[in-house]
Amino acid sequence: MRDREPIQTQYFDKLIASFPSMQGKTVAITGCSSGMGLILARACGEHGARIVMLNRPSKGAQAALEDIQRAGVNAIGIECDLSSFEKVRHAGAELRRRLGDSGCDVLCNNAGVMGLEDLATEDGFDVQMQTNHLSHFLLTHEVWPLLEKAEQLRGEARVVNHSSGARRAPSRPLQAKYLQAKGGRLGGNGLLGFNKWVRYQQSKLANLMFTYALHEHAGQRPDNRIKSLCAHPGPTDSGLQGKTASSGGTLLLDRYILSKALKNAHSAEDGTCGLARCVMEPGVESGAFFGPEGQSQPGPAVLLPPERDAAAEALLWDESLKATGIRNFFEESVS
């Protein structure tokens with residue numbers, strides 16, 4: 001995709017300046033080697049939080065870690081490849097080893113891939129669904145003891161998921177087959193590449209349904225103070241679209257979808273506002289969903305009306321447990 005003129009940031013700086021210090025808190029973020037994840041990591045770090053950068057091992061991830069450390073942020077990096085359940089479990093074990101005494105105040109499930117072909121991971125699941133949702137479901141389970149520790153020490157903890165306006169385009173309910181080990185057998189690319197975008201839509205809808213399902217299940221625990229929250233960025237020039245185009249997004253439909261997403265896009269900083277409210281804003285209520293109003297319009301991150309679907313939430317929870325092999329979500333992992 002052709003280079004674009006920089007987009008002026010309108011909302012981010014004022015919003016971030018309004019938040020209190022995060023001194024003494026630990027924030028773990030997936031997919032923060034660039035884009036909105038890195039912007040969020042910097043903002044939280046500059047407010048005093050310790051940052052745990054959860055990324056696939058790469059030169060870019062190492063450079064991002066070193067850059068943020070040079071800026072004075074207290075940050076560490078832990079390898080976390082969301083395309084592999086085994087590697088997610090290893091990341092969970094390392095997190096528990098390194099944060100066991102202090103806990104984790106926020107787990108931000110930010111990482112995502114977009115518009116990939118009908119490919120199976122090593123675990124047999126669709127690469128978009130596993131990366132965007134199933135591995136985050138597993139990671140949240142792995143980190144749960146650390147969230148409980150932070151809850152005990154500092155009064156609350158948070159799980160933050162990152163959805164997208166694509167959750168509603170094309171509009172279709174969550175379907176079990178996309179959460180099952182059917183990677184590579186979910187319609188291929190289909191006519192003009194349409195099916196890859198259906199799989200992406202399903203994964204982004206799963207992010208939001210997971211938020212609501214976790215809110216319900218965690219809320220049944222005695223004295224629960226672990227909040228489940230979600231954001232969507234609105235149309236954002238985050239760099240993900242360019243990565244999609246450079247990794248096989250060459251069909252006309254791909255180009256149309258990506259160019260449409262960027263036509264009215266706001267900056268990556270403004271796209272981060274919803275995540276920032278979920279992670280940094282005091283007093284938010286569990287189950288809250290933040291982002292620009294409307295499906296494809298930029299704007300400030302506001303508290304959005306709930307998009308609850310009890311049947312989809314139950315399906316999501318049950319199929320995700322089966323996919324990841326978790327028996328009891330709130331019991332400590334033994335990996």
Side-chain angles (χ1 to χ4, degrees), residues 27-44 51-65 68 75-92 94-95 104 106-116 119 121-123 125-143 158-167 199-208 210-211 214 228-233 236 238-244 246-247 268 271-272 274-276 278-279 291 320 323-324:
V27 178
I29 307 171
T30 66
C32 57
S33 62
S34 62
M36 290 178 280
L38 182 57
I39 292 168
L40 179 67
R42 285 183 178 278
C44 294
I51 305 302
V52 182
M53 303 179 75
L54 299 169
N55 293 303
R56 289 180 299 171
S58 69
K59 291 181 179 179
Q62 183 61 32
L65 173 62
I68 203 170
I76 62 172
I78 293 177
E79 293 182 4
C80 184
D81 185 344
L82 297 168
S83 68
S84 165
F85 288 157
E86 180 182 9
K87 291 176 181 176
V88 171
R89 292 188 181 98
H90 287 167
E94 182 66 8
L95 282 161
C104 178
V106 182
L107 171 63
C108 182
N109 293 321
N110 165 71
V113 294
M114 171 195 284
L116 301 186
L119 300 172
T121 66
E122 64 183 43
D123 301 293
F125 297 90
D126 173 61
V127 63
Q128 293 189 90
M129 184 60 79
Q130 181 162 339
T131 302
N132 294 357
H133 164 64
L134 288 171
S135 283
H136 281 133
F137 184 92
L138 176 59
L139 181 64
T140 304
H141 163 70
E142 293 281 330
V143 173
R158 303 181 184 189
V159 176
V160 177
N161 297 310
H162 206 189
S163 185
S164 163
R167 71 194 183 279
R199 294 189 295 274
Y200 179 65
Q201 178 265 342
Q202 289 282 295
S203 74
K204 292 288 97 181
L205 182 57
N207 295 144
L208 182 57
F210 175 37
T211 302
L214 181 61
S228 181
L229 305 155
C230 193
H232 86 88
T236 301
S238 66
L240 182 59
Q241 296 89 349
K243 292 178 183 178
T244 302
S246 65
S247 62
T272 308
L275 283 177
C278 289
V279 172
S320 299
T324 56

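Note that this is a predicted model, so its numbers are computed, not measured.
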Asks: Are Asn110 and Leu40 close enough that some pair of their side-chain heavy atoms sits under 4.5 Å apart?
Replies: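 No, too far: nothing below the 4.5 Å cut-off.
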Asks: Is Ser228 reaching over with its side chain to a backbone N or O of Thr211, donor-acceptor style, under 3.5 angstrom?
Replies: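 Confirmed, Ser228 side chain pairs with Thr211 backbone.
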Asks: Find out whether Leu134 and Ser320 are in side-chain contact, i.e. whether some heavy atom of one side chain is under 4.5 Å from a heavy atom of the other.
Replies: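 They are in contact (side-chain heavy atoms under 4.5 Å apart), so the answer is yes.
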Asks: Atom CZ in Arg56, atom NZ in Lys87: separation rounded to 0.5 Å?
Replies: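 These two atoms lie 10.0 Å from each other.
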Asks: Going by heavy atoms in the side chains, are Gln202 and Met129 under 4.5 Å from each other?
Replies: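 Answer yes - side chains close enough.
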Asks: If we only count heavy atoms from C-beta on, is the Leu54 to Leu139 side-chain gap below 4.5 Å?
Replies: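 Leu54 vs Leu139: side chains touch.
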Asks: In terms of the angle between their ring planes, are Phe210 and His133 parallel, tilted or perpendicular, with boundaries placed at 30° and 60°?
Replies: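 The arrangement is perpendicular - the two ring planes meet at more than 60°.
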Asks: How about Ser84 and Glu86: do any of their side-chain heavy atoms sit closer than 4.5 Å?
Replies: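 They are in side-chain contact.
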Asks: Given 3.5 Å as the limit, does a donor-acceptor pair link the side chain of Arg158 with the main chain of Leu229, or not?
Replies: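 Not confirmed, Arg158 side chain does not pair with Leu229 backbone.
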Asks: Can you check side-chain hydrogen bond (donor to acceptor under 3.5 Å, both in side chains) on Thr30 and His136, steps first, answer last?
Replies: CA-CA 9 Å; Thr30 66; His136 281 133; 2.9 Å; yes
Asks: Between Ser58 and Ala61, what is the shortest heavy-atom contact and its length?
Replies: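 What the structure gives for the nearest pair is OG-N, 3.0 Å.
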Asks: Could you give the distance from CD1 (Ile51) to CZ (Arg42), rounded to the nearest 0.5 Å?
Replies: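 Answer for the CD1-CZ pair, Ile51 versus Arg42, is 11.0 Å.
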Asks: Looking only at heavy atoms, which two atoms of Ile68 and Ala75 are closest? And how far apart?
Replies: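 Nearest heavy atoms, Ile68 then Ala75: CG2-CB, 3.8 Å.
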Asks: If you take all heavy atoms of Ser33 and Ala64, which pair is closest and at what distance?
Replies: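 Minimum heavy-atom separation between Ser33 and Ala64: O-CB, 3.5 Å.
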Asks: Measure the CG-CD1 distance between Leu65 and Ile78 for me, rounded to the nearest 0.5 Å.
Replies: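 Rounded to the nearest 0.5 Å, the CG-CD1 separation comes out at 10.5 Å.
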Asks: Is the shortest heavy-atom distance from the side chain of Arg167 to the side chain of Asn207 under 4.5 Å?
Replies: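 No, their side chains stay 4.5 Å or more apart.
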Asks: Has Thr131 got a side-chain atom pairing as donor or acceptor with Gly112's backbone, closer than 3.5 angstrom?
Replies: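 Pair absent, no side-chain N/O of Thr131 close to backbone of Gly112.
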Asks: Does a side-chain heavy-atom distance below 4.5 Å link Val52 with Cys104?
Replies: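 Counting from C-beta outward, Val52 and Cys104 never come under 4.5 Å.
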Asks: Hey, what do you get for OG (Ser164) to CG (Leu208), rounding to the nearest 0.5 Å?
Replies: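 If we round to the nearest 0.5 Å, Ser164:OG and Leu208:CG are 11.0 Å apart.
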Asks: How long is the straight-line distance from CG of Leu275 back to NE2 of His232, given to the nearest 0.5 Å?
Replies: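 Rounded to the nearest 0.5 Å, the NE2-CG separation comes to 11.0 Å.
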Asks: Could you report the tightest heavy-atom contact between Asp123 and Ser83, atom names first, then the distance?
Replies: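 Closest approach of Asp123 to Ser83: OD2-O, 3.9 Å.
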Asks: For a 4.5 angstrom cut-off between non-hydrogen side-chain atoms, does Asn55 reach Cys32?
Replies: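 Contact flag for Asn55/Cys32 side chains = yes.
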Asks: Going by the rule side-chain contact (heavy atoms from CB on, under 4.5 Å), which residues pair with Ser135 if we only count those two or more places apart in sequence or in a different chain?
Replies: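 Leu82, Phe85, Val88, Gln130.
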Asks: Would you say Asn161's side chain and Asn109's backbone share a donor-acceptor pair under 3.5 angstrom?
Replies: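 No; zero donor-acceptor contacts below 3.5 Å.
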Asks: If you compare all heavy atoms of Ser163 against all heavy atoms of Cys230, which two are closest, and at what distance to 0.1 Å?
Replies: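 Answer, listing the atom of Ser163 first, then Cys230: CB-SG, 3.8 Å.
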Asks: Going from CE on Met36 to OG1 on Thr236, what distance comes out if it is rounded to the nearest 0.5 angstrom?
Replies: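 Rounded to the nearest 0.5 Å, the CE-OG1 separation comes to 5.0 Å.
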Asks: Indicate yes or no for a side-chain donor-acceptor contact from Lys204 to the backbone of His162 under 3.5 Å, with no hydrogens or angles considered.
Replies: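 Answer holds: yes.
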Asks: Gln128 side chain to Gly115 main-chain N or O, any donor-acceptor pair under 3.5 Å?
Replies: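 Side chain of Gln128 to backbone of Gly115, a donor-acceptor pair under 3.5 Å: yes, one is there.
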